[in-house]
Amino acid sequence: MRRLLQIVRVVFIAGFLGAAGAAGYVAWLLLRDLPSLETLDNLRFTATSTFYTRDGIPIADLASVEDGRAIARQLVRLSEVSPAAAVAVVVSEDQRFFKHYGIDFIRLFGGLYYSLRGDLQGGSTITTQVVKNTLLRDLAFERRSISGLERKLKEFPLAIQIERRYSKEEILEMYLNVVPWGSNAQGIWAAAQAYFGKEPSELNLAEGAYLAILLPAPNPRYLDYPSTRRRMKVLLENMVTEGWVSQADADAAWRYKLVPKGWEVAYDDSGNLKSAKLIDPSVRIVPERNVRLAPYFVYEVQRYLKEKIGSDKLRDQGGLRIITTLDLKMQTAAEKAVVGRRLPDQAQLAMVGLEPNSGEVLAMVGARPGTEGEFNRASQAWRSPGSAIKPFTYGVALEAGWTQATTVLDAPIEYPTPRGVWRPKNFDGKYLNRPVSLRYALDRSLNLPAIRTAEAIGVQRLGDKLRAAGFRLTGNMAVLANSIGGGADITPIGLAAAYASFVNGGYWVEPRLVLRVEDNNGRVIYEPETKKVLLWTPQVAYQIWDMLKGYVYDVPPGFRSSLAAEARIPGRIVGGKTGTSDDAIDLWFAGATRGLVATLWIGRDDHKPQRMGGIEPSSSMVNPPIWRDFVEQALRGRPAGDFPQPSGLVLANFDLLTGNDSSSGVAALFPARQVQRTQAVVRDAPPQPTYISRPGPAVASTNAYQTIAVDRATNCLASPQTPTERVVWLQVPDSRVNDYQCN
């Protein structure tokens with residue numbers, strides 16, 4: 001018997017030592033690769049990126065992506081969190097946080113005890129929660145049973161190391177930024193937004209206590225408000241007992257009529273719950289993209305940054321401060337100017353305002369008010385510019401040595417084409433059957449003189465200029481019809497950039513949407529430079545500007561006003577040009593005044609002819625008043641005056657119709673070297689200058705693009721039954737429209 005006991009003892013000791021050795025070996029295996037705290041120092045939490053105006057006003061938030069889903073998180077300093085909320089979290093989650101050294105064994109065993117009784121309580125400390133949600137985050141998301149053991153074993157030594165390196169305040173700040181608060185809310189900033197629509201600094205004691213109570217199980221506790229309310233009572237009592245708040249503060253917090261988002265709640269005068277009804281739990285979900293102001297501008301900035309810095313920085317990393325070029329006053333003026341306007345039936349619109357020297361986009365309206373969807377007509381709708389292209393036609397003529405007084409024949413003309421004879425007409429179908437000055441031809445927006453001008457200077461030369469200015473030519477082929485807008489298209493923002501060249505010294509300027517992008521540490525990670533391309537000499541550009549001012553202020557013989565008289569702004573000097581494409585499919589006004597160049601487009605998404613009261617409208621009727629209202633309000637209180645005139649130009653008077661010298665005629669600018677302004681009369685068969693390689697055809701052989709509505713779920717043409725949220729608008733070539741026809 002004694003020998004048997006000795007054998008049992010030896011076996012027991014051997015088993016114990018073996019088990020201890022095996023446990024030690026397993027622990028060694030699990031603990032041998034502890035992450036370094038240097039990783040925590042360098043850790044970049046994914047966070048919500050915020051878009052700001054140029055003056056620092058937030059206009060939108062963009063959630064980052066974590067583990068394949070959009071989450072809302074904004075990193076905040078402890079000083080940016082309401083003390084009442086921070087204290088409530090500490091007392092609820094880790095009452096001895098300021099007393100322990102990372103591990104609270106009392107809480108560990110107490111949490112286990114209460115959880116076994118059905119009252120879920122965490123045994124972790126705030127410090128170990130920081131470890132779990134940062135250094136051991138990958139393990140926390142694994143589903144293997146060994147992962148949980150490995151994480152728990154690693155949490156303790158890492159928590160002790162964190163306590164040695166960081167202050168309690170720094171650890172609490174980390175915790176408040178990383179702890180999940182239910183749904184897609186990560187951290188206290190997102191929680192304050194999700195449940196109360198507030199900043200963390202604005203949380204009161206009642207709201208802080210509510211958020212603290214949610215933490216162990218935020219989703220189920222949010223859905224059971226009466227139970228959560230009872231827990232709040234206990235928490236407030238504990239805060240009084242521990243000396244964190246006074247009894248009066250706790251009583252006031254209890255009586256506060258707390259209503260989390262999505263709930264309908266009623267209380268009695270003592271703060272007791274009378275009724276609680278869950279109305280809409282989805283409202284606590286922080287939107288993936290929360291746009292407060294200027295939605296189409298925000299969409300455009302998002303597209304732009306995806307291209308420039310990559311979607312990984314914008315969405316996967318996040319936490320960016322995106323300082324845009326938007327001027328809030330100008331954006332407000334633009335949005336106000338388009339509200340309640342009388343437009344053609346089923347018409348859409350787009351408007352852009354930019355600074356002509358830098359190309360900074362100051363305002364953008366991408367659709368008629370109330371339009372759903374993200375198709376931005378200001379940047380994505382390529383449309384025919386109509387007569388708004390004529391300043392470029394005459395600009396190329398000025399480059400070739402013509403002047404504003406050069407005369408061109410206004411009379412019918414025919415051109416044979418592969419599709420028959422092209423007989424271009426003036427807008428009103430009338431002709432003067434005589435030569436008129438270039439300035440008169442622009443003032444009355446005559447088509448025949450513009451076409452003859454292009455024929456004389458060479459369509460290849462005109463086509464090169466249009467491409468450089470951002471126009472897209474059908475088949476990339478220059479044709480005579482380009483001179484009046486045929487076979488060419490451009491976006492509203494593109495036309496604004498092109499018109500900027502008339503007032504900034506001759507440069508096409510790339511539209512700029514972003515001033516800089518900063519990471520969450522304030523470091524600038526992207527700052528675009530202004531990109532310019534020289535289109536004109538300063539002298540040629542300013543002569544075109546002089547003609548554009550004439551389009552607004554000249555009153556040609558036999559007329560009572562200019563075609564753009566409605567664009568005039570008292571106290572400001574304005575220049576611009578309307579544009580009406582065939583059948584009034586597109587209506588434009590593009591113009592400038594000191595400090596701003598702006599374009600307004602009006603048209604239907606389906607490219608059909610427009611009508612107002614059954615009558616074909618012209619851009620002169622519709623666009624200038626809207627443009628004027630925007631620009632006048634946008635620049636209110638800002639300097640007026642004209643753009644600076646370059647050297648080498650002199651002012652002289654000539655008869656607007658004939659181009660002859662006349663002391664009583666219109667005052668216009670001419671190159672100083674042209675003391676005697678030779679009049680180049682262009683007749684039916686103009687001579688071909690030596691720089692023209694070939695005249696080019698009259699019209700393009702195909703149309704350019706169509707705007708179509710596509711069902712994003714099927715990639716087929718949308719039907720009237722397609723839900724609005726699934727409709728996306730696309731610009732596609734005519735030849736590809738059938739690709740979206742589905743059986």
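Just the heavy atoms: all of them, side chains too, but no hydrogens, waters or symmetry mates, feed the values below.
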Donor-acceptor pair between [X] and [Y] side chains, under 3.5 angstrom:
{"X": "S82", "Y": "E202", "result": "no"}
{"X": "E199", "Y": "Q193", "result": "yes"}
{"X": "W588", "Y": "N623", "result": "no"}
{"X": "T50", "Y": "D61", "result": "yes"}

Give a yes or no answer on whether the side chain of [X] reaches the backbone of [Y] with a donor-acceptor pair at less than 3.5 Å.
{"X": "N715", "Y": "D711", "answer": "no"}
{"X": "S92", "Y": "A88", "answer": "no"}
{"X": "Q331", "Y": "M364", "answer": "yes"}
{"X": "Q380", "Y": "N376", "answer": "yes"}
{"X": "Y222", "Y": "A217", "answer": "no"}
{"X": "K465", "Y": "L535", "answer": "yes"}
{"X": "K308", "Y": "R303", "answer": "no"}
{"X": "K532", "Y": "G359", "answer": "no"}
{"X": "E207", "Y": "N204", "answer": "yes"}
{"X": "T325", "Y": "L362", "answer": "no"}

Which distance, rounded to the nearest 0.5 Å, do you find between the [atom1] of [X] and the [atom2] of [Y]?
{"X": "R523", "Y": "L320", "atom1": "CZ", "atom2": "CG", "answer": "11.5 Å"}
{"X": "K577", "Y": "L548", "atom1": "NZ", "atom2": "CG", "answer": "9.0 Å"}
{"X": "I279", "Y": "K261", "atom1": "CD1", "atom2": "NZ", "answer": "15.5 Å"}
{"X": "Q302", "Y": "I322", "atom1": "CD", "atom2": "CD1", "answer": "8.5 Å"}
{"X": "D586", "Y": "W601", "atom1": "CG", "atom2": "CH2", "answer": "6.5 Å"}
{"X": "L600", "Y": "W627", "atom1": "CG", "atom2": "CH2", "answer": "10.0 Å"}

Nearest heavy-atom pair of [X] and [Y]: which atoms, and what distance?
{"X": "L635", "Y": "R572", "answer": "O-NH2, 2.6 Å"}
{"X": "A640", "Y": "G571", "answer": "CB-O, 3.3 Å"}
{"X": "V81", "Y": "A85", "answer": "CG1-CB, 4.4 Å"}
{"X": "W545", "Y": "D642", "answer": "NE1-OD1, 3.0 Å"}
{"X": "F51", "Y": "V301", "answer": "CE2-CG1, 3.5 Å"}

Within a strict 4.5 Å, meaning less than it, do heavy atoms of the [X] and [Y] side chains meet?
{"X": "I171", "Y": "I126", "answer": "yes"}
{"X": "L343", "Y": "I602", "answer": "yes"}
{"X": "V365", "Y": "F297", "answer": "no"}
{"X": "Y210", "Y": "P260", "answer": "yes"}
{"X": "Q186", "Y": "P180", "answer": "yes"}
{"X": "M351", "Y": "V338", "answer": "yes"}
{"X": "Y175", "Y": "V89", "answer": "yes"}
{"X": "P369", "Y": "E335", "answer": "no"}

Listed by chain and number, what are the side chain to side chain contact (heavy atoms under 4.5 Å, CB included) partners of S79, not counting sequence neighbours?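 Checked S79 against side chain to side chain contact (heavy atoms under 4.5 Å, CB included); matches are R77.
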
Side chain to side chain contact (heavy atoms under 4.5 Å, CB included) partners of E169, counting only residues at least two apart: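 Side chain to side chain contact (heavy atoms under 4.5 Å, CB included) list for E169, sorted by chain: L78, F98, S167.
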
Worked verdict on W263 versus D280 for side-chain hydrogen bond (donor to acceptor under 3.5 Å, both in side chains): CA-CA 7 Å; W263 279 91; D280 183 7; over 6 Å; no

Give the C-alpha distance, both sets of side-chain angles, the deciding distance and a yes or no for side chain to side chain contact (heavy atoms under 4.5 Å, CB included) between L211 and L203. CA-CA 10 Å; L211 293 181; L203 295 170; 3.7 Å; yes

Per-pair distances, 0.1 Å, donor-acceptor, side chain in residues 491-509, under 3.5 Å, sequence neighbours excluded:
from, atom 1, to, atom 2, distance (Å)
T491, OG1, G494, N, 3.0
Y499, OH, A388, O, 2.7
S501, OG, A498, O, 2.6
S501, OG, W536, NE1, 3.0
N504, OD1, G506, N, 3.2
N504, OD1, Y507, N, 2.9
N504, ND2, P356, O, 2.9
N504, ND2, A500, O, 3.4
N504, ND2, Y507, O, 2.9

R383 and D489: salt bridge (charged side-chain N to carboxylate O under 4.0 Å, His left out), yes or no, with the steps? CA-CA 5 Å; R383 308 294 294 234; D489 52 18; over 6 Å; no

Under the side chain to side chain donor-acceptor pair (under 3.5 Å) rule, what pairs show up with a residue in residues 350-370, not counting sequence neighbours?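 Residue pairs with at least one partner in residues 350-370: R54-E360, E355-N357, E355-S358.
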
Sequence neighbours excluded, which residues qualify as salt bridge (Lys or Arg N to Asp or Glu O under 4.0 Å) partners of R284?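 Testing R284 for salt bridge (Lys or Arg N to Asp or Glu O under 4.0 Å), a comparison that skips the adjacent residues, returns none.
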
Mind checking what makes salt bridge (Lys or Arg N to Asp or Glu O under 4.0 Å) contact with R321, not counting sequence neighbours?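 Counting only residues at least two positions away or on another chain, R321 forms a salt bridge (Lys or Arg N to Asp or Glu O under 4.0 Å) with E518.
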
E300/S379 under side-chain hydrogen bond (donor to acceptor under 3.5 Å, both in side chains): CA gap, chis, key distance, verdict: CA-CA 8 Å; E300 192 64 25; S379 61; 2.5 Å; yes

Are Y296 and F375 near enough that their ring centres are under 6.0 Å apart?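 Between Y296 and F375, the centre distance exceeds or equals 6.0 Å.
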
Compute the centroid of each ring, for F392 and then for F471, and state whether the two points are separated by less than 6.0 Å.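 Centroid distance F392-F471: below 6.0 Å, so yes.
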
Chi angles and distances behind the salt bridge (charged side-chain N to carboxylate O under 4.0 Å, His left out) call for D605, R377: CA-CA 9 Å; D605 285 332; R377 293 149 187 86; 2.9 Å; yes

R472 vs R467, test: side chain to side chain contact (heavy atoms under 4.5 Å, CB included). Steps then yes/no. CA-CA 6 Å; R472 191 170 64 182; R467 293 186 194 96; over 6 Å; no

R604 vs D606, salt bridge (charged side-chain N to carboxylate O under 4.0 Å, His left out): CA-CA, chis, key distance, verdict: CA-CA 5 Å; R604 291 175 53 144; D606 57 12; 2.7 Å; yes

Would you sort out whether I323 and V514 count as a side chain to side chain contact (heavy atoms under 4.5 Å, CB included), showing the intermediate values? CA-CA 6 Å; I323 314 302; V514 173; over 6 Å; no

Are R638 and D327 close enough for a salt bridge, meaning some N to O gap below 4.0 Å?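 A salt bridge links R638 with D327.
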
